[in-house]
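In what follows, chains are A, B, ... by sequence order, proteins preceding strands, each numbered from 1.
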Number of protein chains: 2
Amino acid sequence: MQPNTFTSSPILTRADTVFTDLRQRIVEGDIFTGSKLSEPELAKHYEISRSTLRDALSRLEGCGLLERKANIGYRVVTLSTEQLLEIFRVRESLEGTACRLAAKNMSKEQIDDLRKLLVIHNQTKSLQQGEAYMQEEGDLDFHFRIVMGSGNKLLIRLLCEELYYLVRMYRFQFGMASPRAKKAFREHENIIQAIEDKDGELAEILMRRHISASRLNVENRMNTL
Amino acid sequence: MQPNTFTSSPILTRADTVFTDLRQRIVEGDIFTGSKLSEPELAKHYEISRSTLRDALSRLEGCGLLERKANIGYRVVTLSTEQLLEIFRVRESLEGTACRLAAKNMSKEQIDDLRKLLVIHNQTKSLQQGEAYMQEEGDLDFHFRIVMGSGNKLLIRLLCEELYYLVRMYRFQFGMASPRAKKAFREHENIIQAIEDKDGELAEILMRRHISASRLNVENRMNTL
DNA sequence: CTTACAAATATTGTCGACAATTATTCTTGA
DNA sequence: TCAAGAATAATTGTCGACAATATTTGTAAG
């Protein structure tokens, strides 16, 4: 039997750990956007064979973090304003639906936890004013929990296991220190309220507006440059 | 230089062809839902090594057609009514957005082609009444073109390269010969009209209702059993 | 000096073999 | 006969090597 007895141990293979590590390095910009990955080099770095490295790489491709061309290899996706806007469109769509479902499916306990989270984020925000990044991570945490609360496994996979890594990548590398912090906080509160009231229709609308506002923010900034 | 000169030849590797063939076999139910795939057996069947087979398998996992457990292997995803409903929810969301964007971005020519397609499908439908499957394929073709018309590459990837294969898999194996054929056709016409009118808001609403109706159809059928 | 082509180098695609893990069969005891 | 454990077989994870393709370097002609 496995080491840990009944915690449904998620057996970790070598490829798994390399996959996770590479994902973090890509998201955090330690491996540059658009750069080509050298299989021999990476395999040597992790002290594994190219086979298990390629296993990890193919999974990163599945997440949308890498692109692959036959006989040429993998490269990190290139971040562009266009792609960022596309992601916002998809988030607006999917998270709106997730929010509607969350209003129907989230338990009282889950909703309370979400409220507490919001309070904590608000406090730390006012305390250490400069830490824009942690604030953004808190924002994503909020969105993450709502998607989980939708109970729709497909939504969870698409958003939490794929898109959100791209989102974090943009935040790390573009630095989304938006001037929407206070507004966004209030919007979060209103969304929770709608969920608590089991008003799925309103919850969806509020979430869509919330994300749409971020997108417009980026579009405006782009046009003024 | 490559054989074909400037048609941006998509170089086909062995893994590519096996990937495509396996995908079709899974979608069409030639490889059973929920069944475990034996790597040695498949490799022997295709006369390739396990390495290149695993390359193909990992890509199928990325498409959501296969699941993988460490030290146990790949198995075809199991189709369930719950998952089918989840897919409908996601389609409703994403295709609604795609339709809104299509109304903004599709060219006159693209729209005309779409109309012609609809006419053809309607004719063949009335001619060979029994062929429910081809009719369904035509439906998916319609949806496919609208997504392409959205111009959003992320949407295109998520829907055309992932979800639609799952949808086709359900149709093949559950046989969605719905009684909605005539209604669906009119709905398609109305959607095209909204797109032609550049009324994105209406186009989105119509598409969402169109897909929602299919979902409700499945839900009702499920409840009456 | 630049361009076009050829040789050499490096990288990816593919292969077969071994190690680690899982599944099956066989044995043994009650 | 059945159950539990050991031995065996089969499968997946990992490795290193070779073949096919792409990139770079080198060379020669214009």
Side-chain angles (χ1 to χ4, degrees), chain A residues 1-23 26 31-32 34-63 65-78, chain B residues 1-23 26 31-32 34-63 65-78:
Chain A
M1 186 172 264
Q2 283 300 319
N4 54 357
T5 314
F6 67 94
T7 56
S8 73
S9 62
I11 302 162
L12 277 203
T13 172
R14 250 169 271 232
D16 286 322
T17 59
V18 172
F19 165 73
T20 305
D21 189 74
L22 274 174
R23 185 176 58 186
I26 293 170
I31 301 178
F32 292 120
S35 66
K36 185 182 172 315
L37 301 185
S38 163
E39 292 182 11
E41 192 179 316
L42 279 176
K44 191 178 161 192
H45 173 270
Y46 284 109
E47 293 179 318
I48 57 177
S49 74
R50 268 183 61 222
S51 305
T52 117
L53 174 73
R54 282 161 70 88
D55 190 343
L57 294 182
S58 71
R59 272 186 265 175
L60 288 167
E61 187 191 9
C63 294
L65 293 176
L66 296 183
E67 291 171 337
R68 184 185 187 184
K69 275 187 188 171
N71 290 316
I72 293 186
Y74 292 94
R75 70 175 51 245
V76 182
V77 292
T78 48
Chain B
M1 184 171 262
Q2 284 298 319
N4 54 355
T5 315
F6 67 94
T7 55
S8 74
S9 63
I11 302 162
L12 277 203
T13 173
R14 248 167 273 229
D16 285 322
T17 60
V18 171
F19 165 73
T20 305
D21 188 74
L22 273 174
R23 185 175 59 187
I26 292 170
I31 301 179
F32 292 120
S35 66
K36 185 179 172 314
L37 301 185
S38 163
E39 292 182 10
E41 192 179 317
L42 279 177
K44 191 178 162 192
H45 174 269
Y46 284 108
E47 292 178 320
I48 58 176
S49 74
R50 269 182 60 222
S51 304
T52 118
L53 174 72
R54 283 161 70 88
D55 190 340
L57 294 182
S58 71
R59 273 186 266 175
L60 288 167
E61 187 190 9
C63 294
L65 294 176
L66 295 184
E67 290 172 337
R68 184 187 186 184
K69 275 188 189 171
N71 289 315
I72 292 187
Y74 292 93
R75 71 174 50 244
V76 182
V77 292
T78 48

How would you label the contact of [X] with the nucleic acid (heavy atoms, under 4.0 Å): base, sugar-phosphate, or nothing?
{"X": "A/Arg14", "answer": "sugar-phosphate"}
{"X": "A/Leu53", "answer": "nothing"}
{"X": "A/Leu37", "answer": "sugar-phosphate"}

Exercise. Please figure out whether A/Ile72 or B/Ala70 has its closest DNA chain D nucleotide nearer the 5' end.
Key: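 Final value for this comparison: B/Ala70.
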What is the distance, rounded to the nearest whole Å, between atom [atom1] of [X] and atom [atom2] of [N]?
{"X": "B/Glu47", "N": "C/dC15", "atom1": "CD", "atom2": "P", "value": "10 Å"}
{"X": "B/Arg54", "N": "D/dT12", "atom1": "CZ", "atom2": "P", "value": "8 Å"}
{"X": "A/Lys36", "N": "D/dA22", "atom1": "NZ", "atom2": "P", "value": "13 Å"}
{"X": "A/Glu39", "N": "C/dT14", "atom1": "CD", "atom2": "P", "value": "12 Å"}
{"X": "B/Leu57", "N": "C/dT14", "atom1": "CG", "atom2": "P", "value": "13 Å"}
{"X": "B/Lys44", "N": "D/dT11", "atom1": "NZ", "atom2": "C1'", "value": "15 Å"}
{"X": "A/Lys69", "N": "C/dT11", "atom1": "NZ", "atom2": "P", "value": "18 Å"}
{"X": "A/Ile48", "N": "D/dC15", "atom1": "CD1", "atom2": "P", "value": "7 Å"}

Practice problem: Hey, which sits more toward the 5' end of DNA chain C by its nearest nucleotide, B/Thr13 or A/Glu41? | Solution: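 Counting from the 5' end, the first nearest nucleotide belongs to A/Glu41.
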Quiz item: Less than 4.0 Å between a side-chain N and a carboxylate O, is that true for A/Arg50 and A/Glu39?
Solution: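 Looking at A/Arg50 together with A/Glu39, the answer is yes, because their closest N to O distance falls below 4.0 Å.
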Can you tell me if the side-chain N/O atoms of [X] get under 4.0 Å from OP1 or OP2 in [N]?
{"X": "B/Ser49", "N": "C/dC15", "answer": "yes"}
{"X": "A/Arg50", "N": "D/dA17", "answer": "no"}
{"X": "A/Arg68", "N": "C/dT11", "answer": "no"}
{"X": "B/Ser51", "N": "C/dG13", "answer": "no"}

Self-check item: Backbone of B/Asp16 reached by a side-chain donor or acceptor of B/Thr13 within 3.5 Å
Solution: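 Not at all, since once roles are kept as given, no pair shorter than 3.5 Å links the two residues.
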Quiz item: Is the backbone of B/Glu67 close enough, under 3.5 Å, to the side chain of B/Arg75 for a donor and an acceptor to pair up by distance?
Solution: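 No; zero donor-acceptor contacts below 3.5 Å.
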Practice problem: For a side-chain contact (heavy atoms from CB on, under 4.5 Å) with A/Val76, tell me which candidate from A/Ile26, A/Leu65, A/Leu60 qualifies. | Solution: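 Of the listed options, the one satisfying the test is A/Ile26.
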Quiz item: Looking at side-chain heavy atoms only, is the closest gap between B/Leu22 and B/Tyr46 below 4.5 Å?
Solution: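 The answer is yes; the side chains approach within 4.5 Å.
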